[in-house]
Amino acid sequence: MIANFRWLSGLMLLLALFLTGCSDSSEQSQTSTSGADADAETEEQETTTWRFALEEVEGSVQDAYAQEFKKRIEEQSEGAISVEIYPYGALGTSSQLTELVQNGALELAFASPGHLASVIPEVGIFTLHFVLSDDNDINKKILSSDQVHEILQPAYHEQNMHLLSIVPEGWMVWSANKPLRTPADFDNFKMRTMTSPILTAAYEAYGANPTPKPYSEVYSALQLGEIDGQVNPIFAIEEMSFYEEQDYLIQAKHEQFISTFLAGQSWFQGLPQEQQEMITQVRNEMVDWIYQEQAEYNDERLQIIKDAGGTEVITLTNEERQAFREASQPVREMYLENAGERGQKLLDYVTTQVEELTNE
Ligand code: 6CS
């Protein structure tokens with residue numbers, strides 16, 4: 001777990017980020033002198049650093065994405081750009097990372113709708129249950145489409161952020177201290193959720209008692225019995241050791257965990273055209289890559305949990321899922337109240353596409 005001292009060092013790092021401001025090393029070396037020092041500095045001046053913060057620890061799906069992005073950008077820029085990755089715990093909570101990007105203290109970050117919908121209600125669509133397809137090939141086509149990006153982009157721009165990619169991280173799985181097979185099983189169940197109100201409404205619809213908390217507090221809340229369960233993709237349940245504190249994992253395929261990869265809008269707009277194009281090209285080329293990679297991560301980690309023993313894995317039948325599907329429908333109204341016309345357009349587009357692509 002992320003110990004307090006890591007948060008303290010994170011705070012110090014944050015302070016340093018604010019004090020140094022833009023990461024372009026040329027800005028920091030204006031007092032160059034002569035000789036070998038000057039040569040070394042000239043070399044240093046040619047490298048620009050892009051800081052990329054994650055909501056997850058090393059070894060996670062976000063880390064895999066960031067490492068691959070870093071490799072591709074550094075290769076394509078032939079060393080002119082260096083991508084520095086800050087895993088979860090180095091800087092702050094998801095909401096704090098979003099603020100850092102908005103303020104220009106960070107260039108790149110992940111921001112998951114489960115937290116981000118508090119700032120951009122439109123992305124709350126990705127926390128609604130049973131909206132996306134059961135088939136991830138269909139979800140890939142929809143989520144990487146220009147249409148979805150074009151609907152969402154103005155909402156990101158209004159918050160001084162630029163949406164780069166919508167990244168899947170696997171099916172959400174409930175971990176619990178009892179089997180959860182019907183909405184009635186959720187009655188008063190203390191379910192830890194991410195912090196957006198749209199997400200908490202999704203669990204209120206089942207009769208649960210949603211308990212929003214930052215990611216870093218989930219393990220101790222389970223240990224102390226402050227919550228009865230939580231929901232995350234399998235890879236996260238394994239790497240954050242949540243399964244050690246829970247007796248059941250329930251696969252309802254009710255929601256795909258989606259994150260969004262974003263940049264500061266002012267920063268992105270200020271980049272030279274060729275660098276903007278390089279980012280767009282790399283993110284396009286990584287769509288197939290991340291869908292495959294996350295599936296492998298989740299399969300491997302499920303096996304680790306099964307091998308460890310002590311956790312029963314339950315997969316809901318289609319009939320059992322149907323009861324949750326029906327109970328989840330009223331939450332769409334709340335989403336639309338929050339997300340307005342743009343939310344309506346997005347929900348209409350996604351649901352129509354799911355239907356059309358399923359019937360193809
Ligand atoms: O549950 C959460 O808060 C987090 N879960 C994952 C898998 N990624 C980031 C997010 O903050």
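Counting convention: from 1, in listed order, for ligands and their atoms alike.
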For Gln251, what residues pass the side chain to side chain donor-acceptor pair (under 3.5 Å) criterion, not counting sequence neighbours?
Thr315

Does His115 approach ligand 1 within less than 4.0 angstrom via side chain, backbone, both or neither, non-hydrogen atoms only?
side chain

Contact region, Phe257 to ligand 1, non-hydrogen atoms below 4.0 Å, reads side chain

Which residue supplies the protein heavy atom nearest to atom 8 (N) of ligand 1, what is that atom called, and how far is it?
Glu56 OE2, 2.6 Å

Could you tell me whether Lys213 atom NZ has more than 12 heavy atoms of other residues or ligands within 6.0 Å of it?
yes

Could you pull out all residues at least two apart from His254 that satisfy ring-ring contact (aromatic ring centres under 6.0 Å, His included)?
His129, Trp174

Applying a heavy-atom cut-off of 4.0 Å, say which part of Met194 lies close to ligand 1: side chain, backbone, both or neither.
side chain

State plainly whether the residues Glu68 and Arg72 are in salt-bridge range, i.e. N to O under 4.0 Å.
yes

Which is it for Ser259 and ligand 1 at heavy atoms under 4.0 Å: side chain, backbone, both or neither?
neither

Element-labelled atoms of ligand 1 that are located less than 4.0 Å from some non-hydrogen atom of Ser94
11 (O)

Shared hydrophobic cluster for Tyr65 and Val83 (ILVMFWY, side-chain gaps under 4.5 Å):
yes

Have a look at Leu97, Ile234, Leu199, Asn232 and point out the one with the heavy atom closest to atom 5 (N) of ligand 1.
Asn232

Numbered atoms of ligand 1 (with element) below 4.0 Å of Ala236, judged on heavy atoms
7 (C)

How far is atom 1 (O) of ligand 1 from its nearest protein heavy atom, and which residue and atom is that?
Arg192 NH1, 2.7 Å

Asp63 side chain near Ser60 side chain, heavy-atom distance below 4.5 Å
yes

State whether Glu84 and Arg51 are salt-bridged, where the test is any N-O pair (Lys NZ or Arg NE/NH1/NH2 against Asp/Glu carboxylate O) under 4.0 Å.
no

Nearest non-hydrogen protein atom to atom 2 (C) of ligand 1, with distance, is Tyr215 CD1, 3.3 Å

